[in-house]
Amino acid sequence: MYNKLHKIISFFIGAFLLLLLALIFTAHMDTVGSTISDGAKDCADGWSDASGREVPVSGIDGAPGTEFTFYRTLDLSHNNGESLCFISRNAVFSVYAGDRLIYDFHPAVSGFYGKTYGEHIHTVPLPSGTEEETVTLTGTVIYSNKWTGFEDIVLGDAGDHISGLVSDNAGGFVICLLIFGFGVVLFLFGVVENILHTDMSETIHLGVITMLLSLWTNSHTRILHIIAENPTALRIIDYVVICLLPIPVMAFVASFTKNLSHKVLNFCILLCILNFFFQAAGVLLGWFDYSDVLIISHIMILAGMLIISHLIINAVKENRIDRSQCTYLISALAIISCSGLADMVRYYNGHSSDFSHFTRVGLILFVGILTIYEFRQLVEVRLKSREAEVMHRLAMEDPLTGISSRTAFVAYEKLLMNKNTGVYLFIHFDVNFLKTVNDTYGHAEGDRHIIAAADVIRKSFGTHGHCFRVGGDEFFVILDGENCRTDYTDDLKKFLELQKTYNRKEKPPVPLVIAHGMAEYDCSSGQDPEAAERLADSRMYENKKQLKSEPAVK
């Protein structure tokens, strides 16, 4: 039950991620002003407040609603279409050149977006023709944290700035994109295999984990901010990923360690789901912003790490998991866990606004190890599948004659018992004088006799029915279809003729003589098919006695 539940949860997380990614490129953010940038002259320093005191603009202290104004004098005498390029966080603002408003950025952020747009890339075209111009940044803090303000401020060509951003981040972006694609392939492959009745729940969970991690690390490569129609939604992805990430990880470890009903683990999964809905509802209702309750998600992640560590250690001690596979997966989980913890520490220490630096590196190693693991798993599944197929064929096929075995006959009889309509003819066959052949000419000749009998029966009745070898010298045929009675009459003539032809051409030391008896089974009668089988058996013995009274043995 839990395995199925975990697969359903991971399936919905995967589908939700694909939908969320599609929304980034289709939904529009309502803003005023230009966006996107890079330049040649560093302008991060040299800003001052109204008193003329130089102040940093990368970290603005103040509660939401706090107003700010920064000034900087720029030499624009040689300006030829250059722009002021920068990244803003958690503030709405206007840019003035002298007394003239040249840029206004007041995004309409509310509802599911939370209380802030997160960060945004800007390119502000500046006027030219004057020797010096005072540029004024004035605005309001809309959300307060240690990264509120303006970063990477440069003066230069907007196109060059964008090209520089793309160039600097292209490697990380492409790697994350490829890893996301790998996760999608794993996810879809697992879903398809499950539809085909092969349990690939671990593959589904791994696919979702990979998609979640790659989306989170990719949002910090800047390129999605440039190409997305709604870069504000990237901030939401970060918090959604952190909320949901523990779920497929714990589900995967539960499946891998064969501990699907672990109460603490499933309770933790439930808490993670509730945490996601709690955060979504709280933000929509305006109670708080995502970052206000981020610590809850971090606590969930830490709790999940403790639980999966406990499960893996116990599974290893109790030999419930394959040691070779365990090496791959423990290594992968340890790498991604340690890199995630390192970035978590960086976040709380305020070391950098890039909160996935170590995770990006860990993700590459994580996916590399998983690729090897999944390849081994796939090979093993295919080998087991072929093995099972061969074993099934051997069980259902008589090795000597090549027709269906007694096991197949019993299985077919069970199918008939579940039918409510239809008429079937049961024909029982027995090879006469087989003991004489074995005793006089040896078992090799006896086997040849059995093979010849099976060949005659198959050629006679195989077109309209199912042929089975149910014993050493016994065979059964079941004819079905609306014309089974007519088919029986025609096939019986062919059956008798083929025996004569074989005896004439092959000249066996003992002629091939096959006794037969037929009984009809009506599925609507409510009787057991074994009754028809017994009747066919008794009629076969009557025919056998009749044939033995004739001079058949040389």
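Numbering starts at 1 and runs along the sequence shown. Side chains are part of it too, since the values below use all heavy atoms of this structure and drop only hydrogens, waters and symmetry mates.
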If we only count heavy atoms from C-beta on, is the [X] to [Y] side-chain gap below 4.5 Å?
X      : Y      : answer
Cys523 : Asn420 : no
Glu413 : Phe426 : yes
Met250 : Cys272 : yes
Tyr521 : Val423 : no
Ile223 : Leu165 : no
Ile296 : Ile299 : no
Ser405 : Glu397 : no
Leu265 : Leu311 : yes

Aromatic centroids of [Y] and [X] separated by under 6.0 Å:
X      : Y      : value
Phe150 : Phe93  : yes
Phe476 : Phe468 : no
Phe278 : Phe288 : yes
Phe105 : Tyr117 : yes

Verify the neighbour count for atom CZ of Phe267: are there more than 12 heavy atoms of other residues, nucleotides or ligands below 6.0 Å? no

Just wondering, are more than 12 heavy atoms of other shown residues or ligands nearer than 6.0 Å to CD1 in Ile295? no

Pair Asn275-Ser297, side chain to side chain donor-acceptor pair (under 3.5 Å): steps then yes or no: CA-CA 7 Å; Asn275 177 47; Ser297 299; 3.2 Å; yes

Nearest-0.5 Å distance that lies between atom [atom1] in [X] and atom [atom2] in [Y]:
X      : Y      : atom1 : atom2 : result
Glu119 : Asp152 : CD    : CG    : 9.0 Å
Ile204 : Leu188 : CD1   : CG    : 10.0 Å
Met305 : Ile336 : CE    : CD1   : 9.0 Å
Asn259 : Asn314 : CG    : CG    : 8.0 Å
Gln279 : Ile242 : CD    : CD1   : 9.0 Å
Ile179 : Leu215 : CD1   : CG    : 11.5 Å

Evaluate the side chain to side chain donor-acceptor pair (under 3.5 Å) criterion for residues Asp522 and Ser524: first the C-alpha distance (whole Å), next the side-chain angles of each, then the deciding distance (0.1 Å), finally the verdict. CA-CA 5 Å; Asp522 189 345; Ser524 62; 2.8 Å; yes

Does the pair [X]/[Y] count as a salt bridge with the N-to-O cut at 4.0 Å?
X      : Y      : value
Glu151 : Arg89  : yes
Arg235 : Asp238 : no
Lys115 : Asp289 : no

So, does [X] use its side chain to make a donor-acceptor pair with the main chain of [Y] at under 3.5 Å?
X      : Y      : result
Thr148 : Tyr143 : yes
Arg406 : Phe409 : no
Ser255 : Phe252 : no

Can you see which heavy atom on [X] is nearest to which on [Y], and at what distance?
X      : Y      : value
Pro246 : Ile301 : CG-CG1, 3.7 Å
Ile307 : Cys268 : CD1-CB, 3.7 Å
Thr210 : Leu206 : OG1-O, 2.8 Å
Gly207 : Leu186 : CA-CB, 3.7 Å
Met211 : Gly183 : CG-C, 3.8 Å
Asp42  : Ile153 : OD1-O, 3.3 Å

Test: salt bridge (charged side-chain N to carboxylate O under 4.0 Å, His left out). Region: residues 175-191. Which pairs qualify, not counting sequence neighbours? none

What residue pairs, at least two apart or across chains, pass salt bridge (charged side-chain N to carboxylate O under 4.0 Å, His left out) with a residue in residues 364-373? none

Looking just at side-chain N and O atoms, do [X] and [Y] make a donor-acceptor pair shorter than 3.5 Å?
X      : Y      : result
Ser88  : His122 : yes
Asn266 : Ser261 : no
Thr116 : Asn90  : yes

Run Ile247 and Ile273 through side-chain contact (heavy atoms from CB on, under 4.5 Å) and show every step you take. CA-CA 8 Å; Ile247 299 173; Ile273 295 172; 3.6 Å; yes

Please lay out, stage by stage, how Phe112 and Tyr290 fare under the test side-chain contact (heavy atoms from CB on, under 4.5 Å). CA-CA 10 Å; Phe112 195 60; Tyr290 295 106; 3.3 Å; yes

Run the side chain to side chain donor-acceptor pair (under 3.5 Å) test on Thr401 and Asp398 for me, step by step, so that the C-alpha distance in whole Å, both residues' side-chain angles and the decisive distance to 0.1 Å come before the verdict. CA-CA 6 Å; Thr401 62; Asp398 177 54; 2.5 Å; yes

Could you walk me through whether Met344 and His298 pass side-chain contact (heavy atoms from CB on, under 4.5 Å), step by step? CA-CA 8 Å; Met344 199 182 296; His298 284 160; 3.9 Å; yes

Test side chain to side chain donor-acceptor pair (under 3.5 Å) on Ser404 and His466 and set out the steps. CA-CA 8 Å; Ser404 298; His466 303 273; over 6 Å; no

Given side-chain contact (heavy atoms from CB on, under 4.5 Å), test Leu479 with Tyr424 step by step and report yes or no. CA-CA 6 Å; Leu479 295 181; Tyr424 294 81; over 6 Å; no

